[in-house]
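Below is one structure; the comments refer to it alone.
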Amino acid sequence: MAEGRRVVRSEFGNQKPESVLDIFCAATSKSRISRAEIAKMTGLSVVTVGKVVDALLSLKILRQTTSLDPAPGRKSRVLSAAGGLNIVVFNLATPSYTVHICDLMQHTVDTYTYHYNADYFPDENLHFFFEQGAKYASEKIQIQKCCGCAILTPGDYDDYTDRILFSRNPRLSGLAISSIFEKYSFGTMPPLIRDIRRFTLDAALTTLHKGGSALCVFLEQPQITSCYLRRGDSTQDARFCHFGNLNVGNGRTVEDFVCRSKNVDAALDALTRTLYWIFSAVHVDKIVLTGSLYTDAGALALLIGERLTELLQEENARLPEVLGMKYISAGVNSAAVAVKKNWFLTNVLQE
């Protein structure tokens with residue numbers, strides 16, 4: 001988007017597209033939010049926020065109600081996302097493929113699970129999943145009000161060959177994902193196909209925008225990978241390194257413990273010491289843990305945080321924030337965010 005370019009829609013006047021998008025994203029980040037809160041989140045003036053909000057209200061993208069605060073006095077006005085607008089996420093990164101129907105706040109309001117049938121060929125299962133998933137979505141929502149859809153893939157997607165590269169699910173290797181989707185689903189909305197790891201990186205963006213740095217750790221078999229990001233780095237060009245290449249005492253690696261050891265305590269100890277080694281060498285403000293090796297990412301983050309605190313007590317160092325994210329929900333949420341932004345830029349701002 002060009003800097004300073006005017007928005008096509010007259011409702012937004014001469015506001016910058018970047019400001020309009022930021023206000024829209026902030027306004028749809030909570031179930032109820034005030035203009036003052038949006039101004040604080042975006043760093044924009046209350047006047048600018050008010051003009052954009054009024055335009056979004058006239059376009060029926062937002063709705064306005066009075067606060068439910070029981071305190072006496074004049075009730076403030078609060079904003080929320082208008083109903084009826086939905087995002088559909090087809091998730092191929094789970095053993096049983098799932099469809100998530102999300103609202104503008106990225107909350108999953110409906111889920112459809114396809115049970116993989118071993119009697120069918122992999123391409124037949126994919127056909128049935130897209131066909132049945134699209135039918136389910138069309139029954140639950142008004143397709144003409146669908147902002148768009150995303151497909152989460154268990155590996156990097158190559159749009160030139162329409163194949164998943166190095167798929168973590170062998171059943172999907174060699175299949176034409178987008179072509180099958182367009183043939184067997186409603187297909188009117190072009191799918192946003194990306195590696196699910198890219199969506200998880202969005203969790204670090206707020207830290208980067210504030211001038212901080214983040215370490216994303218992906219706990220998956222057969223390799224645990226990490227990505228260190230600093231302010232100005234692009235998540236789209238992020239490079240991953242294997243933890244298995246980092247020695248952790250006695251010549252062992254994190255991979256030896258986490259991927260092969262049944263001793264969870266030893267695995268946690270190895271992972272903690274490796275993280276400690278990493279941010280002892282570089283400044284890290286946030287550590288994001290996500291993956292399928294542990295079902296409770298929040299509990300894992302708490303344990304890692306406690307162990308890091310113990311390690312740092314003697315050095316009086318500052319402990320980075322450790323954030324645990326569920327693998328599937330993180331991907332679906334971030335995919336919905338990407339679709340929402342694309343829909344807003346294309347159909348609302350008409351960029």
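Of all heavy-atom pairs between A301 and L323, the closest is CB-C, 4.0 Å. Of all heavy-atom pairs spanning I164 and P154, the tightest one is CD1-CD, 4.0 Å. The minimum heavy-atom distance linking S29 with I33 is given by the pair OG-CD1, 4.4 Å. The minimum heavy-atom distance linking L56 with F24 is given by the pair CD1-CA, 4.2 Å.
Hydrophobic clustering, with ILVMFWY side chains joined whenever heavy atoms are under 4.5 angstrom apart, keeps L302 apart from I304.
Environment of CZ in R307: crowded, with over 12 heavy atoms of neighbouring residues, nucleotides or ligands closer than 6.0 Å. More than 12 heavy atoms of other shown residues, nucleotides or ligands fall within 6.0 angstrom of atom NZ in K286.
Distance check, rounded to the nearest 0.5 Å: CZ of F128 to CD of E131 gives 7.0 Å. Separating the SG atom in C147 from the CG atom in N86 is a distance of 7.5 Å, to the nearest 0.5 Å. In this structure, I151 CD1 and I177 CD1 are separated by 7.0 Å, a value rounded to the nearest 0.5 Å. Atom CZ of residue F344 and atom CG of residue L85 lie 11.5 Å apart, to the nearest 0.5 angstrom. The structure places CG of D123 at 11.0 Å from CG of L172, a figure rounded to the nearest 0.5 Å.
Between F130 and F90, the two ring planes are perpendicular [angle over 60°; tilted spans 30° to 60°]. A parallel orientation is assigned to the rings of Y184 and H127, their planes being inclined by less than 30° (bins at 30° and 60°).
Residues meeting the side chain to side chain contact (heavy atoms under 4.5 Å, CB included) test with T94, sequence neighbours left out: N91, T98, I328.
For the side chain to side chain contact (heavy atoms under 4.5 Å, CB included) test with I101, the passing option among V89, D110, I87, T108 is D110; the others fail.
Proximity of a side-chain donor or acceptor of R35 to a complementary backbone N or O of L79 within less than 3.5 Å is not detected.
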Acceptor/donor pairs from residues 38-46 side chains to any protein atom, 3.5 angstrom cut, sequence neighbours excluded:
{"unit_1": "T42", "atom_1": "OG1", "unit_2": "I38", "atom_2": "O", "d": "2.8"}
{"unit_1": "T42", "atom_1": "OG1", "unit_2": "L44", "atom_2": "N", "d": "3.3"}
{"unit_1": "S45", "atom_1": "OG", "unit_2": "T48", "atom_2": "N", "d": "3.1"}
{"unit_1": "S45", "atom_1": "OG", "unit_2": "T48", "atom_2": "OG1", "d": "3.0"}

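Screening residues 25-58 for ring-ring contact (aromatic ring centres under 6.0 Å, His included), with sequence neighbours left out, gives no hits.
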